[in-house]
Amino acid sequence: MTVRVRIAPSPTGLLHVGNARAALFNWLFARHTGGTFILRIDDTDLARSENEYEEDVLTGLGWLGLDWDEGVGVGGPYGTYRQSDRLDRYAEVAGLLLAAGDAYYCFCTPSELDERRKEAQAQGRPPGYDGRCRLLGDAEAGRRQEQGEAAVIRLAVPRPGVTTFDDIVRDEVRFDHDAIDDFVLVRSDGSPTYHLASTVDDVDYQITHVARGEDLLSSTPKHILITGAMGGSVPTYAHLPLLFGPDGKKLSKRHGDVSLKAYRDGGFLPEAMFNYMCLLGWSYEAETTVFTREQAIERFDLSAVSKNAAIFDPEKLEWMNGVYIRALDPADFIDRAFPLVEDELGRELSGAEREQVVALGPLVQERVKLLTEVPEMMTFLFEGALSYDETSWRKVMETETTPSALDAAIDRLTAVGEWVAADIEAELRAMLDELELNARKGLQPIRVATTGSTVSPPLFETLEVLGREVTLHRLRAARAKL
RNA sequence: GGCCCCGUCGUCCAGCGGCCUAGGACGCCGGCCUUUCAAGCCGGUAACGCGGGUUCGAAUCCCGUCGGGGCUACCA
């Protein structure tokens with residue numbers, strides 16, 4: 001039996017990192033087993049579904065490098081892989097279940113149900129549907145149906161009964177049917193519920209393994225019951241631990257960055273995101289935190305997935321992003337830096353300026369955790385009138401030795417033969433000796449004068465990139481401002 | 001409330017009866033390096049929720065308890 005797995009996001013919002021993680025685990029499982037990874041779009045909720053969100057799903061998966069073998073965008077033997085195109089099929093299955101006596105019409109109105117639910121709760125009884133319409137005869141149900149009375153279709157849950165299944169991550173789980181009410185399969189407007197549509201698709205698409213969030217664990221017996229009534233074969237389930245926010249609460253919009261897009265736009269590398277998400281509920285090996293996607297595929301095992309919910313830790317992700325940025329080929333890093341710097345500047349870089357970025361690139365590369373930090377570390381190069389960081393200025397420029405250090409630096413740098421870091425360093429070190437200043441006192445003023453801040457890439461290289469003219473101009477400007 | 005799931009450092013994971021005086025990673029703290037900031041290196045901090053069993057021996061098995069979470073819709 002060849003493995004067929006799927007992810008089925010609803011395009012009702014930006015792709016959530018929890019869904020992205022589920023996609024990742026399904027993809028890893030498929031790639032590890034040589035199976036088929038399928039992307040289905042669960043857009044039965046037409047009112048809330050938007051094309052923009054479907055595109056976000058495709059873009060997000062593509063960004064992470066999770067390619068799918070069948071489904072939306074790539075096709076396959078089962079149609080469009082979009083639930084909105086299969087409404088007839090869900091109605092057909094509902095009809096079959098009705099005919100077989102596995103489902104029935106229910107004419108209870110929402111307000112009646114609501115009332116009974118409240119009543120039941122007040123009396124301490126289970127709040128689920130009491131099943132009264134199940135007792136209606138076929139004749140009466142048919143008559144009321146034909147008269148146009150609004151009705152939903154419910155599954156006739158076999159009672160007494162028990163549904164048991166072997167979950168790959170949870171082991172054996174059992175549910176007594178007494179705790180499952182006769183849930184709705186088809187709404188009164190004829191649309192299928194999630195339970196029906198999703199299950200029908202899983203059966204029709206020959207899905208062998210369903211790996212999804214633990215929030216669906218208690219819905220699983222419903223899906224198994226529908227599958228059984230359809231005569232389909234029940235897939236193997238694997239319920240993945242949920243993801244939580246830093247406050248230990250469910251990862252929600254309140255935490256800000258719940259969408260994969262936020263990370264895509266936030267300067268994260270897909271490789272880092274991929275690696276980090278692997279760690280949420282799984283581990284490559286006890287002592288190894290950083291690994292390639294090939295290594296992950298090679299070792300991935302659903303049965304080794306943790307049962308514990310995990311907190312998504314942006315700090316660790318950032319650390320890992322830094323690891324991946326430093327590992328980037330310098331040319332690759334610079335290619336990514338150009339657009340960001342130009343964006344910050346609001347204009348295109350000239351050829352000479354691009355060369356400056358190339359020269360400074362490797363020095364910046366080892367200092368950032370996020371790509372978005374690159375512009376702020378580079379744009380000082382291109383500022384006509386340098387703006388100084390206030391704290392930096394106060395900290396080093398108001399020191400009594402600063403004026404003489406700046407004067408000496410101006411003299412010596414004017415005289416440097418070849419404008420290269422090594423010679424610049426030699427001159428400035430000689431200056432430190434002459435004035436009997438330590439590096440901090442003698443060099444920091446130069447840094448602030450030329451970069452505007454006490455924090456910058458290494459000084460001598462920076463001055464080389466800046467050029468003699470700009471360096472001297474900035475030193476004089478700062479000296480004049482003292 | 002009912003049903004279900006989970007419970008190892010602040011966080012993520014390792015551990016699947018003796019290798020555990022509990023290991024790795026992030027974070028945090030200290031040191032080294034050093035012109036700043038990073039990076040790197042070295043060191044440190046910190047956990048088996050609690051109570052009973054079972055066993056020669058338990059983080060590992062069982063029961064209870066407490067705590068957290070999910071579901072309980074004509075949402076998914």
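Side-chain atoms are counted along with the backbone in the values below, which use heavy atoms only and exclude waters and symmetry mates. Labels below follow one simple rule: chain letters A, B, ... track the order of the sequence lines, proteins then strands, and each chain is numbered from 1.
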Quiz item: Contact class for A:E366 (heavy atom, under 4.0 Å): base, sugar-phosphate, or nothing?
Solution: base
Quiz item: Quantified in whole Å, what is the P atom distance between nucleotide B:G51 and nucleotide B:C9?
Solution: 16 Å
Report all interatomic pairs (protein N or O, nucleotide N or O of nucleotides 8-15 of chain B) with separations under 3.5 Å.
{"from": "B:U8", "atom 1": "OP2", "to": "A:N308", "atom 2": "ND2", "distance (Å)": "3.2"}
{"from": "B:C12", "atom 1": "OP1", "to": "A:I311", "atom 2": "N", "distance (Å)": "3.3"}
{"from": "B:C12", "atom 1": "O2'", "to": "A:L279", "atom 2": "O", "distance (Å)": "2.7"}
{"from": "B:C12", "atom 1": "O2", "to": "A:K316", "atom 2": "NZ", "distance (Å)": "3.4"}
{"from": "B:C13", "atom 1": "OP1", "to": "A:G281", "atom 2": "N", "distance (Å)": "3.0"}
{"from": "B:C13", "atom 1": "O2'", "to": "A:S283", "atom 2": "OG", "distance (Å)": "3.1"}

Quiz prompt | A:Y129 six-ring face occupied by A:R154 cation (under 6.0 Å, within 45°) | solution = yes
Quiz prompt | Span that lies between the C1' atom of B:U35 and that of B:C42, in whole angstrom | solution = 23 Å
Quiz item: Reckon A:S198 touches a base, only the sugar-phosphate, or nothing at all at heavy-atom distances under 4.0 Å?
Solution: nothing
Practice problem: Please figure out whether A:V152 or A:L217 has its closest RNA chain B nucleotide nearer the 5' end. | Solution: A:L217
Quiz item: Which nucleotide, in any strand shown, forms a Watson-Crick or G-U wobble pair with B:G43, with both distances under 3.5 Å?
Solution: B:C29
Quiz prompt | B:U55 versus B:G49 - spacing of their C1' atoms, nearest Å | solution = 23 Å
Quiz item: Nucleotide by nucleotide, 5' to 3', does protein get under 4.0 Å of the base (B), only the sugar-phosphate (S), or neither (-) in nucleotides 59-66 of chain B, counting heavy atoms?
Solution: --------
Practice problem: Determine the interatomic distance between C1' on B:A47 and the same-named atom on B:C26; round to the nearest Å. | Solution: 16 Å
Self-check item: Atom P, compared across B:G30 and B:A38: separation rounded to whole Å
Solution: 13 Å
Exercise. Spell out yes or no: do the side chain of A:S218 and the base of B:C3 have one donor N/O and one acceptor N/O closer than 3.5 Å?
Key: no
Quiz item: Using a cut-off of 4.0 Å on non-hydrogen atoms, how would the nucleic acid contact of A:L317 be classed: base, sugar-phosphate, or nothing?
Solution: nothing
Quiz item: Relative to the 5' end of RNA chain B, which residue comes earlier, A:W319 or A:V173, by the nucleotide with the nearest heavy atom?
Solution: A:V173
Practice problem: State whether A:R48 places a side-chain N or O below 4.0 Å from either non-bridging phosphate oxygen (OP1 or OP2) of B:A76. | Solution: no
Quiz item: Is a donor-acceptor pair below 3.5 Å formed from side chain A:R170 to base B:C5, judging by atom type as modelled?
Solution: no
Quiz item: Within less than 4.0 Å of OP1 or OP2 of B:C4, is there a side-chain N or O belonging to A:R174?
Solution: no
Practice problem: Please state the P separation for the pair B:C63 and B:U54 - nearest whole angstrom. | Solution: 15 Å
Quiz item: Between A:R326 and B:G40, is there a side-chain N or O to OP1/OP2 distance below 4.0 Å?
Solution: yes
Practice problem: Have a look at A:V184 and say if it touches a base, only the backbone sugar-phosphate, or nothing, with a 4.0 Å heavy-atom cut-off. | Solution: sugar-phosphate
